[in-house]
Amino acid sequence: MDNTTHTFLVSRVNPVPVPEPRPAHLPPDADMIATIRLSTAPRPEDAPLARVCASRAAERSGSRAPAPPFWIHHGLDGSLWCSVRPVAPDVYEVCSADGSSAARVERRGARILPWPRRVRWSARFTGSPRSVTGQVGTWCAWLFYVVTAPIWLLFALCMMVFSLFDGTADDNTFRSPARTRWRTAGAGTVLDYRGISRTYRYVAPSLDIRVAYALAVLRTWDRED
């Protein structure tokens, strides 16, 4: 487990069956569905930092359905680091390899009325008053997004019309601000997600690396909806 400061990314992969002998904690239909790699990893075939496994039967049925239970394994030896399971709407339990609770992650949705608020991802550690909280998008980015939205909307409509004649299928979606900085009292930013590069910078040692990876997987899946 890499407990040093590093930058990583979460990449979805085509589901790959977990090789035999299958670990006892995984369901029979478990597949590897994502990897966690250093952003500077030299080659795709090199071993990742971690592998993410989930059951095919628990695949999400919609964009607002909860993320399915998943397991994060060591990239080299395949040992279990932690598991993550939904326990309530937008609430997830992060458990250690021995099954004990390490933290509880909560996603609070955005809204416009009665006053605007951003999506918030937070994690509270079991048996400790400490917590980390990250708001999706900075206020400056959201202000710029709202002010320039009519221009980007017009651009997207023009590109859509052009694609009808050109036959291309490019994604011209105008995405909302995504940068998320998780902060904790006394340590500042401990995990920083940059939406443009889609990378996470983990700052040791103020955040449990298992919780950091769990937050990153959940945040990545939420962005892809």
Determine whether the side chains of T7 and S39 contain a donor N or O and an acceptor N or O closer than 3.5 Å.
no
Under 4.5 Å between side-chain heavy atoms, counting indirect links through other Ile/Leu/Val/Met/Phe/Trp/Tyr residues: same cluster for L49 and L207 or not?
yes
Heavy-atom pair with the smallest gap, counting every atom of A214 and I72
N-CD1, 4.0 Å
Could you tell me whether the side chain of R118 and the main chain of R111 form a donor-acceptor pair under 3.5 Å?
no
Test item: T220 side-chain N/O and A216 main-chain N/O as donor-acceptor pair under 3.5 Å:
yes
Looking only at heavy atoms, the pair that brings V211 and A123 closest together is CG1-CB, 3.9 Å
Within the structure provided, determine whether T133 and R120 are in side-chain contact (heavy-atom separation under 4.5 Å).
yes
Is R130 atom CZ crowded by more than 12 heavy atoms from other residues, nucleotides or ligands, each under 6.0 Å away?
yes
Parallel, tilted or perpendicular: which one describes the rings of F8 and Y200, with boundaries at 30° and 60°?
parallel
Could you walk me through whether L218 and V105 pass side-chain contact (heavy atoms from CB on, under 4.5 Å), step by step?
CA-CA 9 Å; L218 290 168; V105 174; 3.9 Å; yes
Taking R108 first and then D90, would you say they form a salt bridge - that is, a charged N and a carboxylate O separated by under 4.0 Å?
no
For the hydrophobic clusters of this structure (ILVMFWY residues joined by side-chain heavy atoms under 4.5 Å, transitively), does one cluster hold both L9 and Y213?
no
What distance separates R183 CZ from S131 OG, expressed to the nearest 0.5 Å?
13.5 Å
Can you check whether Y193's main-chain N or O pairs, donor with acceptor, with R219's side chain at less than 3.5 Å?
no
Before you tell me yes or no, could you show the steps for R107 and V119 under side-chain contact (heavy atoms from CB on, under 4.5 Å), namely the whole-Å CA-CA distance, both residues' side-chain angles and the distance that decides it to 0.1 Å?
CA-CA 7 Å; R107 179 191 185 277; V119 173; 3.7 Å; yes
Closest heavy-atom contact between T4 and Y202?
O-CD2, 3.4 Å
Working to the nearest 0.5 Å, report the span between CZ of F70 and OH of Y92.
8.5 Å
To the nearest 0.5 Å, tell me how far H25 NE2 sits from C95 SG.
12.0 Å
Candidate pair V94 and S101, rule side-chain contact (heavy atoms from CB on, under 4.5 Å), full reasoning:
CA-CA 6 Å; V94 181; S101 177; over 6 Å; no
Closest heavy-atom contact between A102 and R210?
CB-NH2, 4.3 Å
From L80 CG over to C53 SG, what is the distance, rounded to the nearest 0.5 angstrom?
9.5 Å
Residue among T40, V203, I209 satisfying side-chain contact (heavy atoms from CB on, under 4.5 Å) with H6:
I209
First locate atom CZ of R56, then atom CG of D31, and finally report the distance between them rounded to the nearest 0.5 Å.
4.5 Å
Evaluate the side-chain proximity of R51 to I36: yes if any heavy-atom separation is below 4.5 Å, no if none is.
no
Same cluster or not: are V136 and L215 linked, directly or through other Ile, Leu, Val, Met, Phe, Trp or Tyr residues, by side-chain heavy atoms under 4.5 angstrom apart?
yes
Separation between CZ (R181) and OG1 (T189), nearest 0.5 Å, reads 6.0 Å
Heavy-atom donor-acceptor pair, T5 side chain to A204 backbone, under 3.5 Å:
yes
Restricting to non-hydrogen atoms, name the atom on A67 and the atom on W221 that form the minimum distance, rounded to 0.1 Å.
CB-CE3, 3.8 Å
I'd like to know if V52 and L191 are part of one continuous hydrophobic network [Ile/Leu/Val/Met/Phe/Trp/Tyr, side-chain heavy atoms within less than 4.5 Å].
yes
What I'd like to find out is whether the side chain of P68 reaches to under 4.5 Å of the side chain of S55, using heavy atoms alone.
no
Take the angle between the ring planes of W81 and H74 and call it parallel below 30°, perpendicular above 60°, tilted in between.
perpendicular
Would a distance-only check, ignoring hydrogens and angles, find a side-chain to backbone donor-acceptor pair under 3.5 Å from T180 to A178?
yes
Does atom CG (D77) have a neighbourhood of more than 12 heavy atoms from anything else shown, all under 6.0 Å?
yes
My understanding is that only residues two or more places apart in sequence, or in another chain, count here; which of them pass salt bridge (Lys or Arg N to Asp or Glu O under 4.0 Å) with R104?
E93
Do the charged groups of D192 and R179 touch, with an N to O distance under 4.0 Å?
yes
Is there side-chain contact between R37 and T35, with at least one heavy-atom pair below 4.5 Å?
yes
Test your reading of the model: is there a side-chain donor-acceptor pair from S206 to the backbone of A187, 3.5 Å cut-off?
no
